[in-house]
Amino acid sequence: MAKELRKKALAGVELEMRQMLKYVIRRVLYMVPTVFGVILITFALFNMAGGDPALMRLGKQAAADTMEAYDVQRGLNKPLFAGMWGRTRAYEATDFSVNAGSWSKLEGVEYAGRAKGYIVLSKTGEYEADRRLPLNPGEDYQWVVKCRLSNQGNARFLVKEGDTELASVQIPESRSFRTLRIPFVAGASEASLRSLIVIKAGSLDVTDIKIQRRVRHIFDSQFVFYISQILRFDFGVSDETNQRVSKMIKDGILPSLALTAPMFLVGLITAIVVSLICAYMRNTFLDRFFVVFSILLMSINYLVWIILGQYLFAYRLHWFPIWGFESMRFLVLPAIIGVISGLGSNIRFYRTVILDEMYCDYVRTALAKGVSKPSLLFKHVLKNAMIPILTSVVIAIPFLYTGSLLLETFFGIPGLGSMSINAINSSDFDVIRAVVFVGAMIYVVANLLTDICYAAVDPRVKLK
Amino acid sequence: MKRNNNAFASPTTVGLFSLLSMVLFCLSGCGHNDGSVMAENEMVYSGVTTRIRGFDPVKAGDVSSAMAISKIYEGLVQYSYLERPYKVIPNLAESMPDISEDGLVYTFKIRNGLFFQDDPCFGKSNGKGRELTAEDFVYSIKRVADVKNQSTGYWVYNNRIVGLDDFRDKSKDPESTDYDSIVEGLTALDRYTLQIRLVAPYPQLLWVLTMHYGYAVPREAVSHYGGEFLNNPVGTGPFVLEDWVRNYCVKFVRNPKWSESGRIELYPSVGEEKDRASGLLDDAGKAVPIIDRIVQYVISDPSTQWLKFVTGGLESSAISRDNWDAVISPGGGLTESLKKRGIRLNKQPSLNVFYVGFNMNDPVVGMSENKAKDLGHKKLRQALTCAFNSETWIKFWNGRIIRAKGPIPPGVAGFKDEPAQYPYDLDKATKLLAEAGYPDGVSAETGKRLRLTVELGSADPQTREAIDLMSSFFREIGVLLEASYNNWPTFLQKMERRQCQLYRLGWIADYPDAENFLQLFYGPNSSPGPNHSNYESPEIDKLYEMIRTMNDTHERTAIYRKMADIVEEDAPWIFTDHPMSFGLHHSWVKNYKHHDFPYGMTKYRKLDLVMREEWQRNYGKKHWRE
Amino acid sequence: MSIEDNKKKHGKTLYADAWSSIRRDKLSMASLVVIVFFMLTALYGTCIYWRYNIIDAESPQMLKPLKVVVEKVLMADRVKGQVAPYQRQDLDNRYMSPSVSHVMGTDSLGRDVFQRLVQGSRIAFQVGVITSLIAIPIAVLLGCIAGYFGGWVDDVIVWLYSTFACMPTLLFIISISMVIGKGLTGVYIGIGFTTWVHLCRLIRGEVMKRKDQTYVRAAQVLGYSHARIIFRHILPNIMHIIIINFSLRFPSAIQTEVILSFLGIGAQSEPSWGLMINSARFRLWYGVWWELTFTTLAILAIVLAFNLLGDALRDALDPRLREVER
């Protein structure tokens, strides 16, 4: 009989375990689209918007090969999301709506001006595109030329190595601009490769002329490159400090935590204590005072807390050091400021949570039965309010990681916050992107953990 | 409704958490001692407000990086600390070089028995530092020329040393640079003899060799550390890098190799007349460095910096514009409360010029091929120069600047003492503006008000206020000035790509010779070179090419003046001011003398620790204005 | 809740009830007065701004008549060649403590702090209003669509907002405004495009609850279009959520703008409160207290008023919505 029961109980535990496992797997799978979304947003924000990073960072005088190396290192020579053709700096990609670039040096080339945005090849003869880098032998390339040829014109686009013609395309006459694609494969004697526009008659207007390199496959793109970087925990190299971003984050995370972890804990405990008092004294003057007081605290700008705190307590009263990161003592003032500035919203939140719990039937029943109020509050209400409190704690975890941007800067704490501010001040996009991404990931994982904790505590969650 | 949960936030968890944070701190800690008590003979001072960008001599372009590098690395020659006018004396070289009569060949004898610091990169000798040889200089100068290093300093050797330009061309090869290839003008005749052969006389060569582009770098370190070389400096200098927490502090300690290898450097015993009276020669003949450790904080906030200084946490400080009245009395000296605390003020003109540049490629203010247009634009620039109210500007800066009349600052030959050609004169400005085609600031052609945009490399409150003031000057004649605030890299990039219309910038002398300022108007130096205005004038170019190889003579000074006059007339810049250096330091800081090129001079500094302790007791917790 | 209850609660009487309960509360009324006061200040600031800027503004030809009218109204032609009061500089009178001529003292260029504060409140209101105009429509549209249609549309929208919810808020806003470019436009877009998530989630939930109620079913049976049902039948019933959200997002947008401008990413040449704090804090140590104090008080007053009123509104309009946003 007893054996039977035990067996049943064991089976029950097993079932629960299996259910739990199922739930965890489902929940992890559910995370995938969110992670993908985060990757997509950070990618879109920093890769698609903004200009040419190599040009921005290295400047115009940089040699084409340096820029190409920069592109290759960061995967920028690939198509954005998917596609067969990527960029190469072997030839200058001139934007004719700004100037004529190296084409202006060729004889017979006229620039029609910024408004029109094209160049005119009016004389008969050969026009060679200005090559800056060797092409890789055996690789596929294509010229993309957007042009129009005047009436009765006769022009060809020619790519040749020595005397061998790699590609030769007759340019059709047209009234409007047309796009021509001229694919070719770079040969072994690449050094003698020339790309020419040969005009025998008429004049040719060109609005766009650029060379593209064929990538390995259709998904050999910047986006995939970014994902593969992330999978390797490689966030690139900071343009400003020349350090690996992953190393910078690793170095910064401990100082940040040293400030935020105690700050967070003290803040949490203070807020819960105060809100318990409020709940206990509900509708008394003290409660009302704390409610208004917490709104007042919330309304004071973070900057003001920092500036006044530093001025009053460090400078005028000499209670704390003004600036630095030498010992625990240096962290006390920023931590206190952090606690106070966050106290308002915390009190409001926890008070609401605890009051919600107090209106539950079981509390009323208990009260009616004559259970003393304090013991009820601490034993039951607080215990049950722990779930929403825990949620709020977990949601605040990413904040621990970025630390506090401003606190760290003002008090000279070399954590992720001051690192981010420095990156912002020097347009160091790789660093900002990495901090944003890692922050989002921590949030996702923290959320996952809370949900799993819920499920462990409350079996009904799993069935949802 | 019942929710089950257990063991959340029990007291033990809380305890564990604070323990955790303590552990976290210890793991991440930069320091070990309590900040208020400083270790024996340690010296603390703030870094400038910018960060140090690594320790590679060929890459540093900013003052704070250069200062940090100069503590670790050294060059053949250095500036004499106390003597004025500035004078070059040997450092790693045994004596001043032999210079051939035509001024083309410099032969340096390098001191025997100088060693690099111990470092794992010297694998062959078990990490023991190797002796410095002439080859190291050949290698180091080649590094500046190597395109791949993206050095900020090639301009000091450009078209100067025989064969070095070819070397630079060859280094464009993507594979690798062949440092063993021979550069004709750069040879080690034997282990200790270096010969530099020049294309043409280069009177500034010795000045240039004091800069960090001439510092000796061991080849082993570069190949051992590769991309990380800039974080792992290996030098011969008085200090070595102890610790570096980026964005927070850099620590240096005395280089143990010096005492190990018996290297002795002495405090200078010659100086100016007044130096003896002020105690600067008290330590003459003593061994340097005097200080054991240096802790340099990176404090980006000027007010924090000031607070740390007045409470004794930093040895020296600048004076920000806002606390001027509190620090400096109307007479120009320190206020009583600061004097009482033994704080000393060091006021000195320094070799620099600040200006608002016009981009000469800009269609509105720049040069033009159309003669009439070109003249109009020139008149516009002159009008804006006339509208610049230098008196108010000086008042804004609390009299800590000298009005600039041309590119050459006081203190070097060529400075102009006569009144400016285009001084502040609103009537003249209005007239010139009308002649330029903008009567009352409104274009005669389009009927639109003239709007100019000035690009700035910083967005701090001081810059904003200065620009607000400047735009009020131009508003007086009806021209609107709009500010575009950038961070420093973006600003540099805009200048390099010639995208600025107006920009505000300063130039700090690299060496005490006006040629260093006049090169900023040389056509071939246009952006991305230092001529960010992209100013071109055949006359200036011709004169500059002449003075480039001339020795210091009256004739050369006359040409300097002529060039400055031409530039003033063409007005590619509005010359705003020459800032003076106003530095404060505590009484316990000894052997401090202002130097325009203070690189490598920390080794002379001394601290009176007893005095400092006493000061901390008396004033450490007292409000500085009491 | 029965339909009658529902109607009674969300009919016109809801707002009347709310108003009367707010009127009874002294604190809420005081907040309302403060908000109206700041609104008038901002309006005054806007007039000053345009009065002095319209002279220089290059309006397109077709807007010329309008410009003439505005010039007449603001008497802008009379101030031609003058400098706006918040830009007037007087180096002889800098760092002046509050006096009769400058009620809040002057700053380091001798400019009147009060006039600059007025411009600051103009910018604060601009930020509050424009970011709401961006975020609220996004939230309402997405929330309604997701809640009403359900299915894969719902999945996509839930995915979108849960992704946005993951991003670290301040850094995300900063990155967006950096990519857009400095200046207030970046701030508007940065704040606007990141702060819709909470409201969207609330609206989705409410719409989901309501779409099965009888009046919606009835409308569906009558063959009304989905858009009409959403916007004419459901939306009016959840308007109070939007109102509450607006009153609470306003102060946080102001606070964020202050921090962004302080960091140099927000306002560039206009006197935003963040820029004022940034320059005033350097002078605090030397006894120039008025600039920082008054700026701080202005921010405190407006944010506090909005927070208190928002709280009161929430209590009055929907006691169930006590979920505090964090």
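What you see below is based on every heavy atom in this structure, not just the backbone, and it leaves out hydrogens, waters and symmetry mates. Residue numbers begin at 1 in each chain, while the letters A, B, ... track the order of the sequences.
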Side chains of C:Ser177 and C:Tyr188 only: does a donor on one sit below 3.5 Å from an acceptor on the other? no
Which atoms of A:Leu406 approach chain C - backbone, side chain, both or neither, heavy atom under 4.5 Å: side chain
Indicate whether the side chain of C:Arg116 and that of C:Gln119 have a donor and an acceptor atom separated by less than 3.5 Å. no
Which of parallel (below 30°), tilted (30 to 60°) and perpendicular (above 60°) describes A:Phe36 and A:Phe223? perpendicular
Return the orientation label for the C:Trp196 and C:Tyr161 ring planes: parallel under 30°, perpendicular over 60°, tilted otherwise. perpendicular
Does C:Phe149 CZ have over 12 foreign heavy atoms under 6.0 Å away? yes
Please work out which of the three classes, parallel, tilted or perpendicular, describes the rings of A:Phe313 and A:Phe320, given edges at 30° and 60°. perpendicular
Between A:Asn447 and chain C, which part of the residue has a heavy atom less than 4.5 Å away: side chain, backbone, both or neither? neither
Region of C:Leu170 in contact with chain A, defined by heavy-atom distances below 4.5 Å: side chain
The interface call for A:Ile300 against chain C, heavy-atom contacts under 4.5 Å, is both
Under a 4.5 Å heavy-atom cut-off, does chain C meet the side chain of A:Val304, its backbone, both or neither? side chain
Side chain, backbone, both or neither: which part of C:Leu160 has an atom under 4.5 Å from a heavy atom of chain A? neither
Tell me, side chain or backbone of A:Ile421 under 4.5 Å from chain C's heavy atoms, or both, or neither? side chain
Contact origin within A:Ile424 toward chain C - heavy atom pairs under 4.5 Å: both
Just verifying a value: how many Å separate A:Phe235 CZ and A:Thr42 OG1, rounded to the nearest 0.5 Å? 9.5 Å
In terms of heavy-atom pairs under 4.5 Å, which option from A:Val436, A:Asn301, A:Asn425 contacts chain C the most? A:Asn301
Who among A:Leu308, A:Ile432, A:Leu303 has the most heavy-atom pairs with chain C under 4.5 Å? A:Leu303
Which atoms of A:Ile295 are under 4.5 Å from chain C, going by heavy atoms: the side chain, the backbone, both sets, or neither? both
What class does the angle between the rings of C:Phe246 and C:Phe250 fall in, given that below 30° is parallel, 30 to 60° is tilted and above 60° is perpendicular? perpendicular
Where does C:Leu27 contact chain A at under 4.5 Å (heavy atoms): side chain, backbone, both or neither? side chain
So, the part of A:Ser420 with a heavy atom under 4.5 Å from chain C: the answer is side chain
With a 4.5 angstrom heavy-atom cut-off, could you sort out which part of C:Val158 is near chain A: side chain, backbone, both or neither? side chain
Under 4.5 Å to a heavy atom of chain A? For C:Ile174 that would be side chain
What distance separates C:Asn245 CG from C:Arg314 CZ, expressed to the nearest 0.5 Å? 10.0 Å
Bottom line for C:Leu292: the part with an atom under 4.5 Å from chain A's heavy atoms is side chain
Any donor-acceptor pair under 3.5 Å linking the side-chain atoms of A:Asp428 with those of A:Ser238? yes
Select one option (side chain, backbone, both, neither) describing which atoms of A:Met441 are under 4.5 Å from chain C's heavy atoms. neither
Atom CZ of A:Arg282 with >12 non-hydrogen neighbours under 6.0 angstrom: yes
